Asks: 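Sharing a structure, written as structure tokens. Questions coming.
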Protein chains: 2
Amino acid sequence: MSITGNRRERERAQRHRLILSVARELAEAEGWEAVTTRRLAERVEYSQPVLYSHFKGKDAIVAAVAEQGFTELAELLGRERAAARGDEPRLGLRAVCRAYLRFAVEHPALYQAMFVMPTQLAFAAEETPPALRAAFDVFVEALPEGIEGREARAELLWAALHGISALSATGRVPALGESARLDLLIDGIAPGGQASRSGGDGL
Amino acid sequence: MSITGNRRERERAQRHRLILSVARELAEAEGWEAVTTRRLAERVEYSQPVLYSHFKGKDAIVAAVAEQGFTELAELLGRERAAARGDEPRLGLRAVCRAYLRFAVEHPALYQAMFVMPTQLAFAAEETPPALRAAFDVFVEALPEGIEGREARAELLWAALHGISALSATGRVPALGESARLDLLIDGIAPGGQASRSGGDGL
DNA sequence: CCCGATGTCTAGCAATGCTAGAATCCGGGC
DNA sequence: GCCCGGATTCTAGCATTGCTAGACATCGGG
């Protein structure tokens with residue numbers, strides 16, 4: 001390990017990040033099916049084999065991008081929750097849900113890598129990415145404190161939000177009425193107040 | 001159009017069905033990534049080009065399989081709903097939901113073709129497969145008659161069930177607690193009675 | 001200044017979806 | 001009975017995919 005070793009290590013890490021960001025941009029611009037190892041290598045301005053010196057294969061690349069997505073989602077939800085902490089509890093929950101849905105429509109390719117692409121990761125087991133768990137926990141905490149079956153409610157909420165995102169992304173459910181569905185969902189899962197219909201369907 | 005023309009037409013239709021059923025079996029047995037045109041042709045005992053005389057491409061084949069799935073799902077849900085018509089309304093709704101979830105776990109590849117695979121079909125538009133619409137309508141009808149926002153509730157229910165199926169299929173949410181989540185969901189979306197917890201997590 | 005190790009690229013493999021053009025089959029007219 | 005024409009099917013191949021072995025370059029240490 002020489003003196004310059006440090007620099008090379010740094011450069012290597014930078015290239016690592018570059019590969020990921022290029023892959024993500026490409027996916028977001030043209031869809032994941034356009035992300036081929038050749039195109040990716042070309043845009044990174046290295047040959048294909050260097051990709052394989054950083055990642056085990058293409059799947060590993062999309063998995064790494066997905067992991068990035070998990071941490072970003074967790075941060076986003078956490079911020080949203082913090083910002084709405086002073087408000088009525090229900091408003092906080094609603095803000096978090098809206099943030100989730102917005103994330104899904106704003107980064108469709110990223111979302112796809114995170115939640116629909118085939119993956120080896122067994123999420124239920126210990127190996128759940130910590131960031132994913134953190135994102136989930138935001139939902140748990142956003143639910144009223146003493147409510148019965150808080151965790152189960154959060155799971156349901158999580159699943160329902162994913163269902164809404166997944167189906168509307170492929171046009172399998174009308175995009176209109178999203179806000180109404182969200183109100184219904186929140187009312188159903190965290191009952192108590194009446195629906196706080198704020199704004200139209202603009203998200 | 002000769003006399004034998006009829007027979008050839010029949011044989012052709014049969015081969016059409018054969019292709020679909022083989023594709024479906026193969027997908028169910030080894031996953032869609034194992035369904036290649038070569039393997040498919042081999043099992044049908046014809047060469048690849050005949051596949052393209054029946055379908056425009058591989059995507060068209062999985063779309064056709066998906067369509068089959070839609071009609072099967074619609075029939076299943078319709079039957080389930082009819083069988084539970086005498087019971088308490090909430091029980092009927094629950095039966096339909098359970099049938100949906102069971103369908104998803106029993107035919108994972110079929111379900112994937114129907115709801116997660118990339119597709120050109122714009123489901124929101126006119127071209128929604130009638131069978132899919134029929135399946136959806138079962139949910140609408142299974143909701144209490146005079147309830148407010150009946151259609152929106154059905155959409156939410158639909159999306160939530162898909163979310164549960166999709167996430168648990170890839171292990172992104174624990175399979176346990178499925179029954180509890182379902183109770184919560186039904187309670188939330190069709191409020192009125194108390195949760196009718198019938199049976200454990202065995203589905 | 002040269003050597004060895006580390007890093008990178010060229011070239012290629014097997015498999016994929018799809019298709020053009022050759023070969024085959026089969027019914028109908030002489 | 002024989003042969004022709006159209007429909008049907010197959011062989012062979014293209015471009016592209018993910019991935020990898022082996023040749024090549026590069027650069028620090030003696």
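Since the structure is predicted, the reported quantities are computational estimates derived from the model, not experimental observations. Below, read A as the first sequence line, B as the second, and so on, with proteins coming before strands; counting in each chain starts at 1. Hydrogens, waters and symmetry mates play no part in the numbers below; they use all other heavy atoms, side chains included.
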Asks: So does A:Ile189 get a backbone contact from the side chain of A:Arg153, meaning a donor-acceptor N/O pair under 3.5 Å?
Replies: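 The answer is yes, because a donor-acceptor pair under 3.5 Å joins these two groups.
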Asks: Please confirm whether the shortest side-chain N or O distance from B:Thr37 to OP1 or OP2 of C:dG17 is below 4.0 Å.
Replies: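 True: B:Thr37 side-chain N/O within range (under 4.0 Å) of C:dG17 OP1/OP2.
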Asks: What about A:Arg38: does its side chain form a donor-acceptor pair under 3.5 Å with the base of D:dT17?
Replies: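 Answer is yes: a donor-acceptor pair is held.
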Asks: Over how many whole Å does the gap from A:Glu9 atom CD to C:dT6 atom P extend?
Replies: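 Computing the A:Glu9:CD to C:dT6:P distance gives 14 Å.
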Asks: Starting from P on D:dT17, measure out to CD1 on A:Ile61 and report it in whole angstrom.
Replies: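 Whole-Å distance recorded here is 14 Å.
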Asks: Kindly state whether the ring of B:Tyr100 and the ring of B:His162 have centres lying under 6.0 angstrom apart.
Replies: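 Aromatic pair excluded; centres sit 6.0 Å or further apart.
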Asks: B:Lys58 has an atom NZ; how far is it from atom C1' of D:dT17, in whole Å?
Replies: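 That distance rounds to 12 Å.
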Asks: For B:Phe55 and C:dG17, what is the distance between atoms CZ and C1' respectively, to the nearest whole Å?
Replies: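 For the pair B:Phe55 CZ and C:dG17 C1', the rounded distance is 16 Å.
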Asks: In whole angstrom, what separates A:Glu42's CD from C:dC9's P?
Replies: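 Those two atoms, CD and P, are 13 Å apart.
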Asks: Rounded to whole Å, how long is the line connecting atom OH of A:Tyr52 with atom C1' of C:dC9?
Replies: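 Whole-Å distance recorded here is 15 Å.
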Asks: With 3.5 Å as the limit, what N/O pairs link the protein to nucleotides 6-10 of chain D?
Replies:
residue : atom : partner : partner atom : Å
D:dT9   : OP1  : B:Arg15 : NH1          : 3.1
D:dT9   : OP2  : B:Arg15 : NH1          : 3.3
D:dT9   : OP2  : B:Arg15 : NH2          : 3.1
D:dC10  : OP2  : B:Ser47 : N            : 3.0
D:dC10  : OP2  : B:Ser47 : OG           : 2.8

Asks: Could you state the atom-to-atom distance from CZ of B:Arg39 to P of C:dA14 in whole Å?
Replies: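 Rounded to the whole Å, the gap is 17 Å.
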Asks: Say whether, by atom type as modelled, one donor and one acceptor occur between the side chain of A:Arg43 and the main chain of A:Val22 under 3.5 angstrom.
Replies: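 Judged by distance alone, no pair lies under 3.5 Å.
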Asks: Rounded to whole angstroms, how far apart are CD on B:Glu33 and C1' on D:dG18?
Replies: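 Rounded to whole Å, this separation is 14 Å.
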Asks: Would you find a donor on one side and an acceptor on the other, under 3.5 Å apart, between the side chain of B:Lys58 and the backbone of B:Val35?
Replies: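 Checked: pair present.
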Asks: Name the one of B:Leu143, B:Asp137, B:Val138 that satisfies side-chain contact (heavy atoms from CB on, under 4.5 Å) with B:Glu141?
Replies: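 Between B:Glu141 and the candidates, side-chain contact (heavy atoms from CB on, under 4.5 Å) is satisfied uniquely by B:Asp137.
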Asks: Between A:Phe136 and A:Phe70, is the ring centre distance below 6.0 Å?
Replies: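 So the answer is no for these two rings.
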